[in-house]
Amino acid sequence: MKWLLYFLSGVVICALIKASLGYIGFWVGVSVLLLAWLSNFFTSGCVNNKILLKNSLRVDVVFVSAVAVGLGFVWASLDIRSMDHPSHFDAWYAKPFWVKGTVVGLPKLKEADFHFSFETECWIPLLSGQESPLQYRFDRLKRKLCRPPASLRRLQVSLYEWQGRSIKPGMTAWLPLKVKPPRGTVNPGTWDYERWLYVYRVGGRAVLADSDLMPLWLAEKFALDRFRYKISDKIRNIVGSTEVSSSLFPALLVGDRRYFTAEQWQVFNTLGIGHLIAISGLHIGLFSLFGMGLVRLVVRSRAYLLHYWPLQHWQLLGALVFGTVYSLMAGLSLPTVRALLALATICIWQWTRSVFSAFQTLVVVVCLVLVFCPRAVFDVSFWLSFGAVALIIWLLSQKTLFPAWLNAVRIQAFLCVGLVPMNLMFFQQVTWLAPLVNLVLVPLVGWVLIPLLFLSLLLALISEKLFGLLLGALAFAVDWVWEGLQWLGNNAWVSTPIFIQQPIIWIGVISAIGLWLLPFGWPKKWLSLVFLAVVLLLKEHKLAPGEFSLAVLDVGQGLSIAIQTRDHVLVYDTGPAYDQSSSADRVIVPFLKYYHRSKIDMLVLSHLDHDHAGSAVSLANLFPIEHEIGLAPLGLGKTQSICVRGKVWQWDEVRFEVLYPMEVFAENEITRNVSCVLRVSGAYHSVLLTGDIDRDMEQTLLKTDSTLEADVLLVPHHGSVSSSSTGLLYRVNPNLALVSYGWRNAFGHPHPEVLRRYQVRRIPVLSTANSGAITLLSTSSSGELPQLEEARKDDRPIWRY
């Protein structure tokens with residue numbers, strides 16, 4: 001069993017290295033194996049050496065451990081290399097191809113847009129005038145060339161404003177596609193989309209290469225996902241599509257989480273109950289227990305079956321069959337596969353009457369998961385699920401005198417508290433209410449709701465009316481409970497999250513919880529209170545008066561800037577919004593929460609273009625705004641004022657001054673060129689924020705007697721050729737320029753001529769497209785320029801493209 005642990009350590013060590021090792025990692029692992037073999041060869045040959053004979057057992061242990069670590073290292077490095085994105089893959093991106101493949105998973109429909117996973121088989125270039133892939137001449141050489149690299153075997157395809165036939169699982173087609181790399185925005189405290197794509201082996205996002213070319217549909221293969229698709233649609237037709245039950249029931253039965261809204265996810269995340277809607281060990285375990293009970297009743301009524309197998313074997317078979325069926329219904333997602341492997345391992349060992357402990361079973365399951373998918377170590381759910389199982393095993397090993405029901409409550413309480421360190425480690429936050437909510441909802445969902453949902457599914461085979469009645473009753477109860485959860489999630493004083501960024505703090509929390517979880521009677525458990533007291537006494541470092549931090553957030557093709565002083569927050573523009581999400585809920589709100597901010601003191605909208613103010617309404621719904629300034633305020637803050645030259649205020653010895661526009665404009669006169677220009681001056685540095693002003697507005701600004709000099713300049717209009725005039729650069733004379741734009745955007749921002757102007761004046765330019773979120777920290781120790789942090793470059797894990 002020890003060599004399995006060493007194999008696990010090799011996989012984890014290789015996978016957690018924050019740089020793509022490629023073939024270097026492979027040869028490191030091979031070197032470990034070679035050294036282990038050589039050491040064993042020479043030591044085993046020296047049989048006359050008494051010292052070596054005396055320590056032969058130690059040599060064997062070292063040999064086995066080295067081999068196991070080396071194997072794990074080699075295996076993980078090969079898997080990492082198989083999905084790496086070297087530069088020569090750029091030949092596959094941004095060029096049109098006819099791509100043959102199959103629709104897998106459950107397609108998602110947003111208004112008139114389809115989004116689905118596409119398992120590709122063959123790629124051929126889309127030539128000019130080629131209306132069908134059948135016009136392409138296949139010879140032996142081209143057949144070899146049409147196979148894509150391993151990283152592009154699965155794509156996320158989006159068909160916008162789709163008016164063609166409905167997309168269903170199992171459909172095979174030739175699609176005219178243009179593929180984009182697996183790239184997303186990178187900001188502190190936000191969800192890492194690129195890591196998700198990497199873990200689930202998605203090589204890129206694709207759109208139609210030409211709207212005039214129609215896909216060539218070939219066939220509709222049998223797919224289990226189609227069965228899931230029909231069940232989900234049937235439930236929504238009965239329940240309706242407005243209440244939370246219409247999203248929750250398909251998620252619990254068939255793993256279909258397509259219909260949850262951003263507001264519902266916000267409540268799940270705030271209360272820490274998102275794990276309840278992910279089909280994993282809890283749900284499969286319950287379904288397996290149901291299978292064991294049903295098989296037990298059948299076998300006892302058919303005694304002749306005991307002549308073939310004992311009752312325990314029949315029960316194990318029932319558990320394995322029912323668990324497999326539920327896993328297939330859930331689409332065999334990564335958490336589901338983990339739970340199924342655990343169930344299969346336990347059933348096989350019980351069947352063979354092998355004497356293995358629960359901990360040894362857990363080690364074998366983890367090894368199996370990492371053999372099939374070494375990159376699972378990058379999935380947060382991997383650590384949370386196996387951490388929860390390990391904690392349960394440890395708790396069950398402790399002998400108690402509690403009755404069964406009270407022991408179940410004890411385990412749930414310890415589980416809620418015991419997973420706090422992992423939440424702090426991965427999310428730097430935890431909601432204090434989450435353990436209490438989970439203590440009630442986990443048994444309610446696991447032991448009541450899920451069995452009743454499966455009962456309703458069985459009733460559908462007998463009577464559609466009974467199915468509808470039971471499902472309607474469950475929907476009424478769930479929607480009533482949801483009202484209370486919404487109230488809890490939307491009240492800040494109830495669900496205020498606790499954010500911990502400093503490692504020393506969460507290490508103290510882990511130590512305190514670890515001591516508290518020790519068995520009763522363990523000496524010096526009172527030290528847990530000492531650790532917690534030390535953590536509470538530690539104060540987070542705050543900015544001093546005159547200091548400020550400014551973050552140009554990575555929101556794609558748009559602009560959003562967050563400025564923090566000691567006790568205040570200003571947000572300059574909010575970035576774009578999308579169908580069911582926005583820059584507010586994806587970037588701005590998580591970023592502000594990451595820095596312990598509970599409100600926005602001032603929202604400044606430079607102008608009302610979608611890429612600058614598209615998420616303003618969403619931000620106001622998610623985060624309290626005290627005051628709003630804009631050319632035409634939208635009424636999003638408690639108070640509003642017009643953005644006009646002469647407006648000045650000061651926070652914590654940091655000065656904010658509006659330099660443009662010179663006068664109040666009527667709403668019909670406001671264009672992109674008329675932007676609210678803001679100058680921020682601290683004790684050590686200054687920044688000029690320019691919005692989307694063009695050359696004409698820049699000349700108007702230059703004619704004023706305002707102080708335009710600044711250490712840092714926000715490049716006007718994302719680097720458009722109509723902005724960044726030589727006069728402006730001369731007058732501002734910045735030491736650094738920042739530009740926000742989407743990577744490979746359709747507008748060609750920033751223009752090469754604009755970049756040349758900055759280069760001539762030797763002004764370095766940083767962009768959110770290449771650096772992710774750019775954070776400037778203006779403090780007394782910063783020097784000539786503020787301290788710089790680039791989210792994409794400072795932290796470069798292997799999944800970054």
Side-chain angles (χ1 to χ4, degrees), residues 183 185-188 548-563 572-573 575 587 606 611-612 659 672 675 677-681 684-695 697-698 701-702 708-778 782-796 800-801:
R183 191 179 178 97
T185 58
V186 181
N187 297 276
F548 68 91
S549 70
L550 181 146
V552 183
L553 302 177
D554 185 8
V555 293
Q557 183 62 26
L559 177 67
S560 182
I561 298 175
I563 303 173
Y572 182 90
D573 286 342
V587 177
S606 65
D611 59 334
H612 287 252
L659 303 182
R672 174 191 294 119
S675 293
V677 177
L678 184 67
R679 188 174 188 271
V680 183
S681 307
Y684 310 103
H685 304 95
S686 57
V687 181
L688 185 64
L689 307 179
T690 55
D692 272 1
I693 60 174
D694 66 1
R695 188 179 292 106
M697 300 300 108
E698 291 174 4
L701 189 60
L702 293 174
L708 296 181
E709 289 80 5
D711 299 296
V712 180
L713 171 66
L714 177 69
V715 176
H717 198 184
H718 317 287
S720 170
V721 71
S722 62
S723 304
S724 294
S725 62
T726 304
L728 179 71
L729 299 186
Y730 177 81
R731 182 76 173 273
V732 177
N733 192 27
N735 296 318
L736 176 67
L738 308 177
V739 56
S740 176
Y741 65 90
W743 190 70
R744 291 187 179 179
N745 61 88
F747 305 97
H749 294 157
H751 196 277
E753 174 63 24
V754 172
L755 295 179
R756 191 187 67 83
R757 295 175 200 163
Y758 285 90
Q759 186 178 7
V760 167
R761 295 194 60 83
R762 297 183 180 179
I763 303 172
V765 179
L766 296 180
S767 68
T768 56
N770 296 319
S771 302
I774 305 170
T775 303
L776 307 178
L777 185 60
S778 174
S782 298
E784 184 179 351
L785 275 176
Q787 296 177 17
L788 274 174
E789 294 181 6
E790 302 173 70
R792 182 176 289 277
K793 293 185 177 180
D794 292 344
D795 184 14
R796 191 79 178 181
R800 288 276 183 266
Y801 177 81

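Please read these numbers as outputs of a predicted model, since none were measured by experiment.
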In terms of side-chain heavy atoms, does Ser606 have a donor or acceptor partner in Asp573 at a distance below 3.5 Å?
-> yes
Check against side-chain contact (heavy atoms from CB on, under 4.5 Å), Ile561 and Leu550 | CA-CA 7 Å; Ile561 298 175; Leu550 181 146; 3.7 Å; yes
Determine, stepwise, if the pair Glu709 / Ser686 fulfils side-chain contact (heavy atoms from CB on, under 4.5 Å).
-> CA-CA 8 Å; Glu709 289 80 5; Ser686 57; over 6 Å; no
Ala769 backbone acceptor or donor facing Arg183 side chain under 3.5 Å | yes
For residues 757-765, which side-chain N or O atoms pair as donor and acceptor with protein atoms under 3.5 Å away, sequence neighbours left out?
unit_1	atom_1	unit_2	atom_2	d
Arg757	NH1	Ser723	O	2.7
Arg757	NH1	Ser724	O	2.8
Tyr758	OH	Ser724	OG	2.9

Between CD on residue Glu698 and OG1 on residue Thr726, distance to nearest 0.5 Å = 9.5 Å
What one should report as the nearest heavy-atom pair of Gly691 and Leu714 is N-CD2, 4.2 Å
Take Asn770 and Trp743 through the test side-chain contact (heavy atoms from CB on, under 4.5 Å) and record every step on the way to the result.
-> CA-CA 7 Å; Asn770 296 319; Trp743 190 70; 4.2 Å; yes
For the atom pair CG (Leu766) and OG (Ser740), what is the distance rounded to the nearest 0.5 Å?
-> 12.5 Å
Exercise: identify the closest heavy-atom pair between Val721 and Arg695 | O-NH2, 3.2 Å
Looking only at side chains, do Glu790 and Ser771 share a donor and an acceptor under 3.5 Å apart?
-> yes
Donor-acceptor contact present, side-chain Asp711 to main-chain Asn735, <3.5 Å = no
Decide yes or no on side-chain contact (heavy atoms from CB on, under 4.5 Å) for Asp692 and Leu559, but give the supporting numbers first.
-> CA-CA 10 Å; Asp692 272 1; Leu559 177 67; 6.0 Å; no
Measure the CD1-OG distance between Ile693 and Ser725 for me, rounded to the nearest 0.5 Å.
-> 8.0 Å
Any donor-acceptor N/O pair, Arg792 side chain to Thr768 backbone, under 3.5 Å | no
Results of ring pair (Phe, Tyr, Trp, His ring centres under 6.0 Å) for Phe747 - residues two or more places apart only | His749
Once you round to the nearest 0.5 Å, how far does CD of Glu789 lie from CD1 of Ile774?
-> 11.5 Å
Look up atom CG in Leu553 and atom OG1 in Thr185, then write down how far apart they are to the nearest 0.5 Å.
-> 9.5 Å
Hey, what do you get for CG (Leu688) to OG1 (Thr690), rounding to the nearest 0.5 Å?
-> 6.0 Å
Among Leu777, Thr775, Leu736, whose side chain to side chain contact (heavy atoms under 4.5 Å, CB included) with Leu788 holds?
-> Leu736
Side-chain heavy atoms of Val712 within contact of Pro786, under 4.5 Å | yes
Taken in chain and number order and not counting sequence neighbours, the residues that satisfy ring pair (Phe, Tyr, Trp, His ring centres under 6.0 Å) with His612 are His607, His718
